[in-house]
Amino acid sequence: MAGAVAAGAALMYFLDPSRGRRRRALARDKVSHLVSGAEKAADAARADARNRARGALAEARSRLREDMPSDEVLVDRIRAAMGRVVSHPGSVIVTANEGRVVLSGPVLTGEADALLDCVRGVRGVEDVENRLELHDEPGNVPGLQGGKARGGERSELLQRRWSPATRLATGAAGGGLVAYGATKRGAVGTALALGGLGLLVRSGANVELRRLVGRGHGESVELQRTITIAAPVEIVFGFFSDFEHYPEFMSHVRRVQDVGDGRTHWVVDGPAGRAVEWDAIVTRAVPNEVIEWRSVEGSEVENSGSVRFDRAPEGGTRVTVRMQYAPPAGRAGKVVSSMLGANPDKEMEEDLGRLKTAIESGVPPRDASAPAPM
């Protein structure tokens, strides 16, 4: 039943009499783009795997033969390694003499043991002499001011960005889990399929899980476009300040209602044609200069932005639109929306193009959400 409902919804979405042709064209472009991107990703993954294999082989060879680096090379190796475990590596003084290393200088007490273990593990180190000055707090020690705490060496899967080879392997594993989970019934099959889907989305988006679900810094999507319209700034500002006319030149805005006191109610197309609604309030409006807005607290889609108007040197008006929004499902929501054909960047560019044509020619566009009467 669920499959039949999904198939029916897909048919209604792509065979819609008014927008079906455009949606099918967008879907074809999206599939073509995904195929091209997959080919490039596969090439990058192969190159990454090849380079990693060469590096691992070189590392193994170097460990099999006696490694007696010069004092300068050994110090460089130590400094490269200790930067992962101490927050102020520049304050640590490192000297080496035929494999015997001396560490001195100020260091935080909580980082001292990790630093010593790290240095002892560097190839070529025979012995470590500890002359470090331990400090529980940075206090007034100049060398311990600022800095950033280090978490030590992190495994590939715990890093913020995955390498191409890791993304390919994880994506393949996720696809396998989805396929295997689909053949199983009950909670176990569902859990496997959901886990595999999570791996697929994580490898495709290449961002941390907390950002995929809309948690943590940086989950907002930012858009910016600039266009020059051959018309006086007063006319252009008048078009933008009348929010109820936005559906006449925007393809994804179904309705905007002015509810008074600078507040508006928006209804727009979401993923797969689902309507998404929220209320917004104008926070700043300077005639012929700028309009700023933000969604009210608790909105389904949190967003804010501004439209700035400048008189172009060559004549006309330069319009700069900035907008940021948080997808309801975080970055994963944006990835899924993109796969379904929603492209906010392209839609904003097309909407501004319709507005430019309408103002300059005086002919309202016919491919907007709610075309104006001729």
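Position 1 is the first residue of the sequence; numbering continues from there. Side chains included, hydrogens not; waters and symmetry mates left out as well; all remaining heavy atoms used.
- Val102 and Leu116 fall into different hydrophobic clusters, where Ile, Leu, Val, Met, Phe, Trp and Tyr residues are linked whenever their side-chain heavy atoms come under 4.5 Å apart, directly or through other members.
- In this structure, His265 contributes its side chain and Gln257 its backbone to no donor-acceptor pair below 3.5 Å.
- Contact between Gly143 and Ser91 at its shortest, heavy atoms only, is O-OG, 2.5 Å.
- Taking CG from Asp113 and CG from Leu132, the interatomic distance works out to 10.0 Å, rounded to the nearest 0.5 Å.
- Between the side chain of Glu349 and the backbone N or O of Arg225, no donor-acceptor pair lies under 3.5 Å.
- Judged by distance alone, with hydrogens and angles left aside, the side-chain atoms of Asp261 form no donor-acceptor pair with the main-chain N or O of Arg263 at under 3.5 Å.
- Atom CH2 in Trp293 sits 14.0 Å away from atom CD1 in Ile281 (nearest 0.5 Å).
- Across all their heavy atoms, Val94 and Arg79 have their closest contact at N-NH2, 3.7 Å.
- Proximity of a side-chain donor or acceptor of Glu98 to a complementary backbone N or O of Ser70 within less than 3.5 Å is not detected.
- By the 4.5 Å heavy-atom criterion applied to side chains, Arg100 and Glu129 are not counted as neighbours.
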*salt bridge (Lys or Arg N to Asp or Glu O under 4.0 Å) between Glu234 and Arg311, worked out*: CA-CA 10 Å; Glu234 294 80 8; Arg311 301 182 190 275; 3.3 Å; yes
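- Counting non-hydrogen atoms of other residues, nucleotides and ligands closer than 6.0 Å to CD of Glu137 gives a total of 12 or fewer.
- Residue Leu197 is not grouped with residue Leu177 when hydrophobic side chains (ILVMFWY) are merged at heavy-atom distances under 4.5 angstrom, including chains of intermediate members.
- Counting only distance, with no hydrogens or angles, the side chain of Glu360 and the backbone of Ala230 share a donor-acceptor pair below 3.5 Å.
- Between Asn288 and Phe309 there is no side-chain heavy-atom pair separated by less than 4.5 Å.
- Expressed to the nearest 0.5 Å, how far CD1 of Ile227 lies from CG of Leu355 amounts to 7.5 Å.
- Under the 4.5 Å side-chain criterion, counting only non-hydrogen atoms from C-beta, Glu133 is not in contact with Val141.
- Taking the six-membered ring wherever Trp is involved, the centroid distance between the rings of Phe249 and Phe239 does not fall below 6.0 Å.
- With hydrogens and angles disregarded, no donor-acceptor distance shorter than 3.5 Å links the side chain of Thr170 to the backbone of Leu199.
- Distance alone, capped at 3.5 Å, places no donor-acceptor pair between the Ser304 side chain and the Arg294 backbone.
- For the pair Ala114 and Val85, the tightest heavy-atom approach, listed with the atom from each and the gap, is O-CG2, 4.2 Å.
- In this structure, Val307 is not a member of the same hydrophobic cluster as Val290, with clusters built from ILVMFWY side-chain heavy atoms closer than 4.5 Å.
- Smallest separation of non-hydrogen atoms from Leu74 and Ala96: CD2-CB, 4.0 Å.
- Ring geometry for Trp266 against Tyr246 counts as perpendicular: the plane angle is over 60°, on a 0 to 90° scale with 30° as the lower cut.
- Taken from CE in Met323 to CD in Gln224, the straight-line distance is 13.5 Å, to the nearest 0.5 Å.
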*Should Met250 and Arg354 be marked as a side chain to side chain contact (heavy atoms under 4.5 Å, CB included) after you check the CA-CA gap, both sets of side-chain angles, and the distance that decides it?*
CA-CA 8 Å; Met250 302 181 78; Arg354 292 188 191 91; 5.8 Å; no
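- Checking side-chain atoms of Thr317 against main-chain N and O of Ala231 turns up a donor-acceptor pair under 3.5 Å.
- Between the side chain of Lys356 and the main chain of Thr228, a donor-acceptor pair closer than 3.5 Å is present.
- Note on Ile235 and Ile291: same hydrophobic cluster, where clusters join Ile, Leu, Val, Met, Phe, Trp and Tyr whose side-chain heavy atoms are under 4.5 Å apart, directly or indirectly.
- Nearest heavy-atom pair across Pro247 and Glu244 is CD-O, 3.4 Å.
- In this structure a side-chain-to-backbone donor-acceptor pair under 3.5 Å is missing from Arg322 to Glu222.
- By the rule that hydrophobic residues join a cluster once side-chain heavy atoms approach within less than 4.5 Å of another member, Val119 and Ile93 end up as members of separate clusters.
- Once rounded to the nearest 0.5 Å, the distance linking CD of Glu72 with CZ of Arg77 reads 12.5 Å.
- From Arg131, atom CZ reaches atom OG1 of Thr95 across 7.0 Å, with rounding to the nearest 0.5 Å.
- In terms of heavy atoms, Thr226 sits closest to Arg318 at CG2-CG, 3.5 Å.
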